[in-house]
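Structure, as structure tokens:
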Amino acid sequence: MPTAPLTTRLAAVLHLKITWQASALYAVAFGGYVAFSVYLPAYLKTAYGLTQADAANRMAGFVLLAVIMRPVGGWLSDKVAPPRVLALAFGVVTAGAVVQSFTPGLAPVGTIAFLAMAAALGAGSGATFALVAQSAPANQVGSVTGVVGAAGGLGGFVPPLVMGSIYGRFDSYALGLLLLAVVALAALLLDVVSVRRLQPTTASTPARQRPSHDGDPEERDVVDSQGLTVP
């Protein structure tokens with residue numbers, strides 16, 4: 001059981017680079033999903049003239065797909081690596097937001113764009129927590145997760161206000177969606193440029209830490225069977 005004061009533990013967590021990186025990524029991924037679930041019905045009614053019931057049903061489909069893709073994102077992160085899943089997710093969100101900024105027809109382009117973004121945001125949310133589990137110190141994973149979760153909630157609170165303000169001023173959703181594309185692209189660059197460097201790789205293991213197998217041939221056979229490289 002931790003004996004250090006809460007403020008001390010929180011300060012230690014906030015000094016970790018992964019805390020800030022994962023918080024930024026989760027604010028975009030989970031925050032975007034929450035923001036769409038709040039604002040999508042109003043958007044569909046205004047931009048496409050849908051009824052309240054139809055807009056609500058489409059929003060429910062968006063949310064359901066995002067929820068289903070969340071564990072899929074975690075599973076994919078175990079198979080490949082969280083940064084790769086996040087890169088793909090934010091790339092899809094960027095492309096989907098740009099396409100939707102032109103307000104294409106809802107069938108099929110608009111529907112495909114929104115469903116693609118829903119899947120990507122859900123998968124990105126799951127991949128972010130997989131990133132925390134792999135990159136944060138073992139004794140601080142829970143604390144980092146708490147901070148990251150708070151960032152996701154904040155990320156879901158701000159975008160609907162921004163979208164509403166932009167629409168009220170310019171009578172268009174295009175600028176708000178392009179802003180989403182810019183934010184998703186920034187998250188993609190953060191992931192590619194900075195986050196991937198946190199991921200441990202076997203290539204970075206110092207040579208002195210690797211097992212020596214220059215001697216007996218039988219030892220070489222054992223090492224080979226374990227999947228290690230023999231010079």
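Heavy atoms only: backbone and side chains are in, while hydrogens, waters and symmetry mates are out.
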Donor-acceptor pair, distance only, cut-off 3.5 Å: does the side chain of [X] make one with the backbone of [Y]?
| X | Y | answer |
| --- | --- | --- |
| Thr19 | Val13 | yes |
| Ser101 | Val98 | yes |
| Ser37 | Val34 | yes |
| Ser125 | Leu121 | yes |

Minimum heavy-atom distance between [X] and [Y], given as atom pair plus value:
| X | Y | value |
| --- | --- | --- |
| Leu86 | Gly124 | CD2-O, 3.4 Å |
| Ala113 | Gly96 | CB-O, 4.1 Å |
| Gly156 | Pro160 | O-CD, 3.3 Å |
| Gly73 | Ser77 | O-OG, 2.8 Å |
| Arg70 | Phe30 | NH1-CD1, 3.5 Å |

Drop me the distance from [X]'s [atom1] to [Y]'s [atom2], to the nearest 0.5 angstrom.
| X | Y | atom1 | atom2 | value |
| --- | --- | --- | --- | --- |
| Asp191 | Leu131 | CG | CG | 8.0 Å |
| Leu40 | Met163 | CG | CE | 9.5 Å |
| Gln52 | Leu44 | CD | CG | 10.0 Å |
| Ile18 | Thr128 | CD1 | OG1 | 9.0 Å |
| Leu188 | Leu25 | CG | CG | 10.0 Å |
| Leu14 | Arg9 | CG | CZ | 12.5 Å |

May I ask whether [X] and [Y] are part of the same hydrophobic cluster, defined by side-chain heavy atoms of I, L, V, M, F, W, Y residues being less than 4.5 angstrom apart, directly or through others?
| X | Y | answer |
| --- | --- | --- |
| Leu179 | Val158 | yes |
| Leu177 | Leu175 | no |
| Leu76 | Tyr33 | no |
| Leu185 | Leu190 | yes |
| Val162 | Met117 | no |

Do [X] and [Y] have side chains that approach each other closer than 4.5 Å (heavy atoms only, starting at C-beta)?
| X | Y | result |
| --- | --- | --- |
| Val85 | Trp75 | no |
| Thr46 | Tyr173 | yes |
| Thr103 | Tyr48 | yes |
| Phe90 | Val28 | yes |
| Leu50 | Leu106 | yes |
| Pro137 | Leu16 | yes |
| Val99 | Pro104 | yes |
| Leu178 | Gln100 | no |

Indicate whether the side chain of Gln21 and that of Tyr26 have a donor and an acceptor atom separated by less than 3.5 Å.
-> no
Please confirm whether Phe114 and Tyr43 have ring centers closer than 6.0 angstrom.
-> yes
Side chain to side chain contact (heavy atoms under 4.5 Å, CB included) between Leu10 and Val147, worked out = CA-CA 9 Å; Leu10 181 60; Val147 174; 4.0 Å; yes
With sequence neighbours excluded, what pairs up with Ala184 under the side chain to side chain contact (heavy atoms under 4.5 Å, CB included) test?
-> Val93, Thr94
